[in-house]
Engineer: 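After the structure tokens below, expect a handful of questions from me.
Everything quoted here is computed from the prediction, not taken from an experiment. Letters go in sequence order (proteins before strands), and every chain restarts at 1.
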Amino acid sequence: MSSQNGFQFPETVRTRSRFRNPIGKFRVNRTDDCIACGKCVEICPYGVHVERRGQVFVENNYLCVGTECPEPCYKACPVQALSVRRNPVFDTLGDFRWTNELLASTWYMAEFGESPSAGLEYKVGNSGGGFDKLRLIFNGNRSRLEDIPDDDIDVSLELNRRDDNAYRIRIEVPVYGGGMSYGSVSVTTMVSRARAAAALGTLSCTGEGGYPDELKPYDDHMITQVATGLFGVKEETIQRVKIVEFKYAQGAKPGLGGHLLGDKVTPGVARMREAVVGYPLFSPFPFHSVYSVEDHKKHVDWIKAINPKALVSVKVSTPTDVDMVAVGSYYAGAHIIIHLDGSYGGTGAAPDIAKKNIAMPIEYAVPKVHRFLQEEGVRDKMTVIASGGIRTPHDVAKIIALGADGVCTGTADLVALECVRCQNCESGRGCARGIATTDTELSELMNIEWGAQRIINMYLAWRKELIRILRKLGMKSIKELVGRTECLVHLDYM
Amino acid sequence: MPSKYMIHTKPVPNRFEPVSRSGIIAWEEGCLKCAVCVKKRCIYDVYDKRGIDSRHMIESIDNLCMNCYRCVQNCPKELIHKSLNPEFNAMGDSHWSPPIIVRLWKQSQTGKIPVSGAGYPGPFSGPGFDSMWTDMSEIVRPTRDGIHGREYISTAVDIGKTPEHLMFNHSDTLEGEVPSIIDIPLPILLKMPSFGTISSNTIKGWAMGARRLGTFIALPMEKIDSALEDMGGWLMPLVLPKGTSIGNIPKNAKIIEIPWTEEWQGVVEDIKGCFPNIFVSIRIPMAEGMDEKALSLARGGISIIHLEGSLMSRFMDDNTRNLKDGIRSVHMKLVEENIRDGVTLLASGGLAMAEHVAKAIICGADTVFVDFPILIALECRMCRRCTKGLSCPVEIDTASPNWVASRVVNLIGAWHNQLIEVMGAMGIRDARRLRGEVGRAMFFDDMDRAAFESMGQVEEGCELE
């Protein structure tokens, strides 16, 4: 696979679950009546059954698509030894936004680099609004570019919109990794994301918690964050990267700053953040040095003095006047990437009241900002990145049609690493599954090769899906989709 | 600045095992007796800490489980499963939903605000208060040293008529009398729920909770017994003009309520005759005609109006209209008539989460009542068996007043901190400034259409995905 400009995408390598029993939607039961005829092994298109030493087993329950199966084993079995039923464990997983089906389909993508072919709803969740009520419209009469190869459909994104001497940065997929700090996630998770970003020709972000040396090999694919606590920010870290991100606020806890519990401040974290082991760390809100656009310009100038060719991204939350904030950051005069972080996303721990109620969902913020920047005549000079609840390639397409240029992800990466969204990232030693933890023993539950490949696979699946969508829309480039709201319809206003 | 208001919370254990969303099912048959069983490797030590509640024969394992699924996914014989607990989804109703009930229990137990990772898991929007979002400010700070700093966010509100202006005479001394007001440290009053297995101890506990919080509890006059003798200053008795004798109002009561009646003027005069300094709130049902009633009361000099919605946070006479819209309507009427500042608007009805307090105030209430949450704080499951004369599964009536008070203080302490979170994000440091700030909120009805109404056309032959 290579993109239009010759970039070589990595290959998908099937990467199984870290756990012995992956959770699927169905369970296949085989009774003792089985005569090991091998019929099921032969007909199952999904590899659920395997034959070993003359015996037949159900080895991959989680791949069964149940009643959607074109050749159901339970019908073909000559002795009726097979039955398929819904897995009750599956129903305990998931929530309104990340349904169990979205979790399982993301795990599928991370294993196979493809969207699941049947049995799982992988396009929308069940939140009853926003993305989950928006649909892409494919017009029957439009030419569908069926005969154009995948690699000729361009999903890349140019981040520097100004004609100057700053870095020209192009990402090969319209997605990059949002900031997750060392401390909130393990180094293994960070490096897995960085390595995947490098392989995919895109970026990953350090978050606010320092820049571990393990990330050095990926410097060209890193964004480093300058946030209110200034944890781990040094001249050297600013100079290492091509993009510096100012985090003014984040969607999960807009207006509230960050908080790392004492338990998570391990010796490694404390060293990186120049803090004391075991003491909680507060990233205050807001930047006490920034109360105006002019103050922000001073920040930008400061970065420019240290790293003259750097691009500057501004990460903000979504208040009522988010459009003014976006325009304000434009007038601060930088190579502005405006990164809007909607209220429903986020990965780290936050008060539930903030996650649910404070600031607006990204689906409202993006069209508002896009329209306002157009009216101000500056839309072409800025890159609008959306985050906060982007779960699927369909969400990516929808938010771009609403006016974003690209997206940032966080939770989706973690789900690829087999996060089950138990939401206990902060309790005790941290993530029991070894993703969002700094506990050494728990971090060892995962290794970098596995993690990077899972994330690569997921994004390769996303890319395929985006290309398929663009083709159906008759578009040769994802740039054509930006702000094309006529490609969308909301089920409540049809 | 007056000294900082703090609610001191401390963990108060449950008396019963809470109902959990899902349960662990572990089969023994076929167990390989692995040297290191997955149960031993649980990082939360769930299998070691499990115990049986001897009174109710309920095992604690399901509540200890943190849903990491490691045992489920690692057992070599797939003997461990999780499944949904039907008892969980059977709790409550569409408004008092199981997740809300469980979260109220937790706050009452710990006194802490609910915190979790991995983003918001719930629906995009919903009825009533779920169809609005509150604002944040990218750069405005509410205080210099954080929302819990020394320079604090004040949640205090006034009940009564605040003077529009002060008059001074030639010798620079205050002219005339300044009307007195009741100052409470947080915009929350307690209100006895309309059902529940409630004993004299329960009520005493609630009154003790109100005293510790510095607020009042509204309750019918006939519920006031000798146990509450020295609590009069924290009670807000509901005086039925015909049913109860004014003489029974506790001597040290500061504030009472009467239900709406066309003859309210006479009733108020009678009460003021016996208790000249008492504050009188008039309770009007949130229903057709409430705007006019509120206006007539405000014009007639009543300084406290209590707008009472239904248990489900709706209008009393119309299940399709929400408390939020009722509050906005009355507030706006009073604003349009230029008499808003002469009145304290209290609102009640189905406030179930901390955010409802902030949102009700943004919609125009000065202070709100919290009713059923103070029952759910006592482990109520909203099963309504008590309304049918059946026994209470968590024996609320047997709880001691101290336990009741501490649970309620924990709950309101957690809510108070959440109110501060919302105000902090908005950059507002005085709860009185939050009232009616609809410009700092976002409403689904305005935003959804604006964002999504005029988009693509669905024509024949097109495909949606």
Engineer: Looking at A118(B), S137(B), S83(B), which makes the most heavy-atom pairs under 4.5 Å with chain A?
Structural biologist: A118(B)
Engineer: For the pair Y364(A) and F124(B), name the ring-plane relationship: parallel under 30°, tilted 30 to 60°, perpendicular over 60°.
Structural biologist: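 Rings of Y364(A) and F124(B): perpendicular, over 60°.
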Engineer: Just how far is it from atom CE of M353(B) to atom CD1 of I353(A), taken to the nearest 0.5 Å?
Structural biologist: 8.5 Å
Engineer: Below 4.5 Å, heavy-atom pairs only: which of G389(A), A349(A), G388(A) has the largest tally toward chain B?
Structural biologist: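 When all of G389(A), A349(A), G388(A) are compared, A349(A) has the most.
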Engineer: Relative to chain B, which segment of V489(A) carries a heavy atom at a distance below 4.5 Å: side chain, backbone, both, or neither?
Structural biologist: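 Both backbone and side chain of V489(A) come within 4.5 Å of chain B.
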Engineer: Any donor and acceptor pair, going by atom type alone, linking the side chain of K355(A) with main-chain N or O of G119(B) inside 3.5 Å?
Structural biologist: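 At least one qualifying donor-acceptor pair exists.
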Engineer: Please state whether the side chain, the backbone, both or neither of E441(A) comes within less than 4.5 Å of a heavy atom of chain B.
Structural biologist: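 Neither part.
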Engineer: Please say which of R18(A), R20(A), R433(A) ends up in a side chain to side chain donor-acceptor pair (under 3.5 Å) with Q73(B).
Structural biologist: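 Testing Q73(B) for a side chain to side chain donor-acceptor pair (under 3.5 Å) against R18(A), R20(A), R433(A) leaves exactly one candidate, R433(A).
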Engineer: With a 4.0 Å cut-off on N to O distance, would you call R449(B) and D492(A) a salt bridge?
Structural biologist: no
Engineer: Does NZ belonging to K39(B) count more than 12 external heavy atoms closer than 6.0 Å?
Structural biologist: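 Counting other residues, nucleotides and ligands, NZ of K39(B) exceeds 12 neighbours.
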Engineer: What part of A249(A) gets within 4.5 angstrom of chain B, counting heavy atoms only: side chain, backbone, both, or neither?
Structural biologist: both
Engineer: Taking N67(B) for the side chain and C422(A) for the main chain, is one N or O donor matched with an acceptor at less than 3.5 Å?
Structural biologist: no
Engineer: Working to the nearest 0.5 angstrom, can you tell me the gap between T92(A) OG1 and I24(B) CD1?
Structural biologist: 10.5 Å
Engineer: Nearest 0.5 angstrom please: D321(A) CG to M136(B) CE, how far?
Structural biologist: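 Atom-to-atom, D321(A):CG and M136(B):CE are 9.0 Å apart.
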Engineer: Is the count of non-hydrogen atoms from other residues, nucleotides or ligands lying under 6.0 Å from R86(A) atom CZ greater than 12?
Structural biologist: yes
Engineer: Could you tell me which of G126(B), C75(B), C42(B), S454(B) has the largest number of non-hydrogen atom pairs under 4.5 Å with chain A?
Structural biologist: C75(B)
Engineer: As an exercise, state the distance from CG of N21(A) to CZ of R70(B), rounded to the nearest 0.5 Å.
Structural biologist: 13.5 Å
Engineer: Pick from A436(A), P367(A), G128(A), S317(A): which one has the most heavy-atom pairs with chain B under 4.5 Å?
Structural biologist: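 Option with the greatest count: S317(A).
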Engineer: Check whether F129(B) gets within reach of chain A through its side chain, its backbone, both or neither, counting any heavy atom under 4.5 Å.
Structural biologist: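 Neither part; nothing is under 4.5 Å.
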Engineer: For residues M442(B) and T318(A), report the shortest heavy-atom separation together with the two atoms involved.
Structural biologist: CE-O, 4.2 Å
Engineer: Could you have a look at G94(A), A350(A), G255(A), C431(A) and say which one has the most heavy-atom pairs with chain B under 4.5 angstrom?
Structural biologist: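 Greatest number of close heavy-atom pairs with chain B: A350(A).
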Engineer: Does any heavy atom of chain B fall under 4.5 Å from the side chain of T347(A), the backbone, both, or neither of them?
Structural biologist: backbone
Engineer: Below 4.5 Å from any heavy atom of chain B, which atoms of P284(A) appear? Answer side chain, backbone, both or neither.
Structural biologist: neither
Engineer: V316(A) versus chain B, heavy atoms under 4.5 Å apart: side chain, backbone, both or neither?
Structural biologist: both
Engineer: Between T485(A), D352(A), N424(A), which residue shows the highest count of heavy-atom pairs closer than 4.5 Å to chain B?
Structural biologist: D352(A)
Engineer: Does the side chain of V89(A) come within less than 4.5 Å of Y69(B)'s, by heavy atoms?
Structural biologist: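 Of all side-chain heavy-atom pairs linking V89(A) with Y69(B), at least one is under 4.5 Å.
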Engineer: What part of L256(A) is in contact with chain B, defined as an atom under 4.5 angstrom from a non-hydrogen atom: side chain, backbone, both or neither?
Structural biologist: side chain
Engineer: Evaluate the ring planes of Y344(A) and W133(B), with Trp represented by its six-membered ring, and classify them as parallel (under 30°), tilted (30 to 60°) or perpendicular (over 60°).
Structural biologist: tilted
Engineer: Rounded to the nearest 0.5 Å, how far does CG of L464(B) lie from CG of L136(A)?
Structural biologist: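 Atom-to-atom, L136(A):CG and L464(B):CG are 9.0 Å apart.
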Engineer: Please determine, among P361(A), C419(A), P88(A), A401(A), the option with the most heavy-atom pairs under 4.5 Å with chain B.
Structural biologist: P361(A)
Engineer: Counting heavy-atom pairs closer than 4.5 Å to chain A, which one of E465(B), R21(B), Q418(B) comes out on top?
Structural biologist: E465(B)
Engineer: Between S22(B) and chain A, which part of the residue has a heavy atom less than 4.5 Å away: side chain, backbone, both or neither?
Structural biologist: side chain
Engineer: Under a 4.5 Å cutoff for heavy-atom pairs, which residue among C68(B), S116(B), A425(B) has the most contacts with chain A?
Structural biologist: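 Highest number of heavy-atom pairs under 4.5 Å: S116(B).
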Engineer: Is it the backbone or the side chain of A359(A) that comes under 4.5 Å from a heavy atom of chain B, or both, or neither?
Structural biologist: both
Engineer: Under 4.5 Å, counting heavy-atom pairs only, tell me which of V290(A), V415(A), N87(A) racks up the most with chain B.
Structural biologist: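 Winner by heavy-atom pair count: V290(A).
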Engineer: Under a 4.5 Å heavy-atom cut-off, does chain B meet the side chain of R391(A), its backbone, both or neither?
Structural biologist: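 For R391(A), neither part sits under 4.5 Å from chain B.
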Engineer: Against chain B, label M494(A) side chain, backbone, both or neither, depending on which of its atoms sit under 4.5 Å from a heavy atom there.
Structural biologist: side chain
Engineer: Do I139(B) and H296(A) make a side-chain contact, defined as non-hydrogen atoms from C-beta onward lying under 4.5 Å apart?
Structural biologist: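 Not in contact.
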Engineer: Rounded to the nearest 0.5 Å, what separates atom NZ in K356(A) from atom CG in D130(B)?
Structural biologist: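 With rounding to 0.5 Å, NZ (K356(A)) is 3.5 Å from CG (D130(B)).
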Engineer: Go through T134(B) and N357(A) one step at a time and tell me if the side chain to side chain donor-acceptor pair (under 3.5 Å) criterion holds.
Structural biologist: CA-CA 6 Å; T134(B) 63; N357(A) 301 290; over 6 Å; no
Engineer: Do Y120(B) and D95(A) touch side chain to side chain, with heavy atoms closer than 4.5 Å?
Structural biologist: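 Heavy-atom side-chain distance check fails, nothing below 4.5 Å.
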Engineer: Return the option, out of Q457(B), E355(B), M66(B), with the maximum number of heavy-atom pairs under 4.5 Å with chain A.
Structural biologist: E355(B)
Engineer: Do D448(B) and H490(A) have side chains that approach each other closer than 4.5 Å (heavy atoms only, starting at C-beta)?
Structural biologist: yes
Engineer: For the side chain of E486(A) and the backbone of M455(B), is there at least one donor-acceptor N/O pair under 3.5 Å apart?
Structural biologist: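 Looks like no, no N/O pair under 3.5 Å.
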Engineer: In terms of heavy-atom proximity below 4.5 Å to chain B, should L414(A) be classed as side chain, backbone, both, or neither?
Structural biologist: neither
Engineer: Which atoms of A441(B) are under 4.5 Å from chain A, going by heavy atoms: the side chain, the backbone, both sets, or neither?
Structural biologist: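 Just its backbone gets close to chain A.
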